[in-house]
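Everything below concerns the one structure shown next.
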Amino acid sequence: MILELDCGNSFVKWRVITVQGLAVSGGVVESNNELLHTLSAAHDVHLRVCRVVSVRNEEETRKLTEAIEAAFSIDVHVAQPAMEQAGVRNGYDDYQRLGMDRWVAILGAYAQAGGPCVVIDFGTAVTSDFVAQDGAHLGGYICPGMPLMRSQLRTHTRRIRYDDVSAEQAKHALRPGTATVQAVERGCVLMLRGFVATQLEQARLLWGDAFTVFLTGGDALLVAGVAPQAKYIPDLVFQGLAIACPLT
Ligand SMILES: Nc1ncnc2c1ncn2[C@@H]1O[C@H](COP(=O)(O)OP(=O)(O)OP(=O)(O)O)[C@@H](O)[C@H]1O
Ligand SMILES: CC(C)(CO)[C@@H](O)C(=O)NCCC(=O)O
Ligand SMILES: [K+]
């Protein structure tokens, strides 16, 4: 079995798949220790190899990979930046600066679309990336995601305070909020929806109506209504990671 890890800025998303690509189990953890405990407790999981995509710094990523190697005696492959891979050409001035979560999501999306596509990832940050028909990555956009927008408002005001449960409930509707929690949560959701709408505009300017939109990341469902034609692929990063780190 293969252990796949997506190390984001807030969480580590993990899953175990068979060599044939069938998902066996998976989850979200907040720390390396939690990951090791969870995996050690998992029954019927026999790890052979591990692949990792990380947006953390080298030191943090190395700590995680060493812990996995030591705990399970397996090789750990970390996806590396590339100027060109799987038919996609990195569009950044300095290709090593493009976030690796973005790069592997792009690889996964282009492999599926085989043509022009926009990839939007709703994590701690929100990112979007544009890939042309011939695999040229044109670049993209980065803006704060729900967790960052929310925490900026909480941190820089005195009277915005509410708990996670009310935040979750407030998002079920989008009409004007009549309590702080609703006003903030719905306001931030509408920011994300507006972002998606402008991404679609950019794509239409480039390609008319001939493009595929991919949505992924923990908060993607909050914007689903704005792009009904979009493909929602929760495991897009893992799909791309398998392309970036094929089994040898
Ligand atoms: N099952 C889930 N696990 C974790 N976060 C979730 C989940 N479902 C929804 N979310 C929401 O998704 C957001 C986090 O997104 P995601 O897990 O894709 O990125 P991240 O690891 O925080 O950061 P990064 O963008 O660096 O990958 C948070 O707002 C969180 O509340
Ligand atoms: C933007 C994030 C934080 C999204 O996870 C990540 O892709 C990252 O750290 N990127 C590096 C900066 C860039 O992609 O231009
Ligand atoms: K992410």
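Position 1 is the first residue of the sequence; numbering continues from there.
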Any chance you could measure C7, atom SG, to L64, atom CG, to the nearest 0.5 Å? 4.5 Å
List the steps and the verdict of side-chain contact (heavy atoms from CB on, under 4.5 Å) for I120 and T216. CA-CA 6 Å; I120 317 182; T216 192; over 6 Å; no
Distance check, rounded to the nearest 0.5 Å: N9 atom CG versus E60 atom CD? 8.5 Å
Using the side-chain contact (heavy atoms from CB on, under 4.5 Å) rule, take V118 and W207 through it: C-alpha gap first, then chi angles, then the decisive distance, then the call. CA-CA 11 Å; V118 186; W207 304 310; 3.9 Å; yes
Is there side-chain contact between L215 and V119, with at least one heavy-atom pair below 4.5 Å? no
Under 3.5 Å: donor-acceptor pair, side chain of R51, backbone of I2: no
side-chain hydrogen bond (donor to acceptor under 3.5 Å, both in side chains) against T127, all qualifying residues, sequence neighbours excluded: none
Short side-chain to backbone donor-acceptor contact, E66 and K63, under 3.5 Å: no
Value for CE (M100) from OG1 (T61), rounded to nearest 0.5 Å, stands at 10.5 Å
Could you see if V181 belongs to whatever hydrophobic cluster contains M149? Use Ile, Leu, Val, Met, Phe, Trp, Tyr and a side-chain cutoff under 4.5 Å. no
Can you tell me if R161 has over 12 outside heavy atoms packed within less than 6.0 Å of its CZ? yes
Between G123 and P147 the two heavy atoms that sit nearest each other are O-CD, 3.9 Å
Measuring only between side-chain heavy atoms, which start at C-beta, is D219 closer than 4.5 Å to V189? no
Okay, side chain of R193, backbone of L222: is any donor-acceptor separation there less than 3.5 Å? yes
Would you confirm whether R186, through its side chain, and A170, through its main-chain N or O, come within 3.5 Å as a donor-acceptor pair? yes
Smallest separation among heavy atoms of M146 and L192, with atom names: CG-CD1, 3.7 Å
Does D163, at its CG atom, have more than 12 non-hydrogen atoms belonging to other residues, nucleotides or ligands within less than 6.0 Å? yes
Is any side-chain heavy atom of F211 closer than 4.5 Å to a side-chain heavy atom of L200? yes
Can Y95 and E84 be said to form a side-chain contact (heavy atoms from CB on, under 4.5 Å), step by step? CA-CA 9 Å; Y95 73 95; E84 181 160 5; over 6 Å; no
So if you build clusters from Ile, Leu, Val, Met, Phe, Trp, Tyr with side-chain heavy-atom gaps below 4.5 Å, do V76 and F72 land together? yes
For the backbone of V78 and the side chain of Q80, can you confirm whether one donor and one acceptor N or O come within less than 3.5 Å of each other? yes
Can K13 and E4 be said to form a salt bridge (Lys or Arg N to Asp or Glu O under 4.0 Å), step by step? CA-CA 8 Å; K13 279 137 289 179; E4 298 184 319; over 6 Å; no
Side chains of V126 and I142 in contact at under 4.5 Å (non-hydrogen atoms): no
Looking at every non-hydrogen atom in both residues, tell me the closest pair between E69 and I74 and how far apart they are. CG-O, 3.2 Å
I'd like a table of donor-acceptor pairs (distance under 3.5 Å, sequence neighbours excluded) in which one partner is a side-chain atom from residues 226-238, with atom names and distances.
unit_1, atom_1, unit_2, atom_2, d
D235, OD1, Q239, NE2, 2.8
D235, OD2, R15, NH1, 2.9

In plain terms, say whether R204 and E201 are close enough for a salt bridge, that is, a side-chain N and a carboxylate O under 4.0 Å apart. no
Give the minimum heavy-atom separation between S128 and R102, together with the two atoms involved. O-NH2, 3.7 Å
Could you tell me whether a side-chain N or O of S166 sits under 3.5 Å from a main-chain N or O of Y162, the two making a donor and an acceptor? no
What do you reckon, is CG of D93 surrounded by more than 12 foreign heavy atoms closer than 6.0 Å? no
Report the residues that fulfil side-chain hydrogen bond (donor to acceptor under 3.5 Å, both in side chains) with S151, sequence neighbours left out, ordered by chain and then residue number. none
Show your reasoning for whether side-chain contact (heavy atoms from CB on, under 4.5 Å) applies to V55 and D6. CA-CA 8 Å; V55 296; D6 170 7; over 6 Å; no
Joint cluster assignment, V213 & L206, ILVMFWY side-chain distance < 4.5 Å: yes
Tell me if the CZ atom of R48 is crowded by more than 12 foreign heavy atoms within 6.0 Å. no
Look at the side chain of H137 and the backbone N and O of G91, then say whether any donor-acceptor pair between them is shorter than 3.5 Å. yes
Should F195 and L148 be regarded as members of a common hydrophobic cluster, given that ILVMFWY residues are connected when their side-chain heavy atoms come within less than 4.5 Å of each other, either directly or indirectly? no
For the CE atom on M1, are there more than 12 heavy atoms of other groups (residues, nucleotides or ligands in this structure) within a distance under 6.0 Å? yes
Using 0.5 Å steps for rounding, measure from the OG1 atom of T65 to the CG atom of L5. 10.0 Å
If hydrophobic clusters are built by linking Ile, Leu, Val, Met, Phe, Trp and Tyr wherever their side-chain heavy atoms come under 4.5 Å apart, do L153 and M191 end up in the same one? no
Sequence neighbours excluded and cut-off under 3.5 Å, please list the side-chain donor-acceptor pairs for residues 104-111, or say none.
unit_1, atom_1, unit_2, atom_2, d
Y110, OH, Q133, O, 2.6
Y110, OH, G135, N, 3.2

Can you find a side-chain donor-acceptor pair between Q182 and T178 that sits under 3.5 Å? yes
Holding to side-chain hydrogen bond (donor to acceptor under 3.5 Å, both in side chains), I want the full list of residues that pass it with S40, two or more places apart in sequence or in another chain. none
Near D44 CG, under 6.0 Å, is it more than 12 heavy atoms from other residues, nucleotides or ligands? no
When every non-hydrogen atom of F11 is compared with those of R56, the smallest separation belongs to O-NH2, 3.5 Å
Using atom types as modelled, flag every donor-acceptor pair under 3.5 Å from a side chain in residues 19-35 to any protein atom, sequence neighbours excluded.
unit_1, atom_1, unit_2, atom_2, d
S31, OG, E34, N, 3.1
E34, OE1, E30, N, 2.9

Rounded to the nearest 0.5 Å, how far does CG of N90 lie from CH2 of W103? 4.5 Å
Return the CZ to OG1 distance between R150 and T155, rounded to the nearest 0.5 Å. 12.0 Å
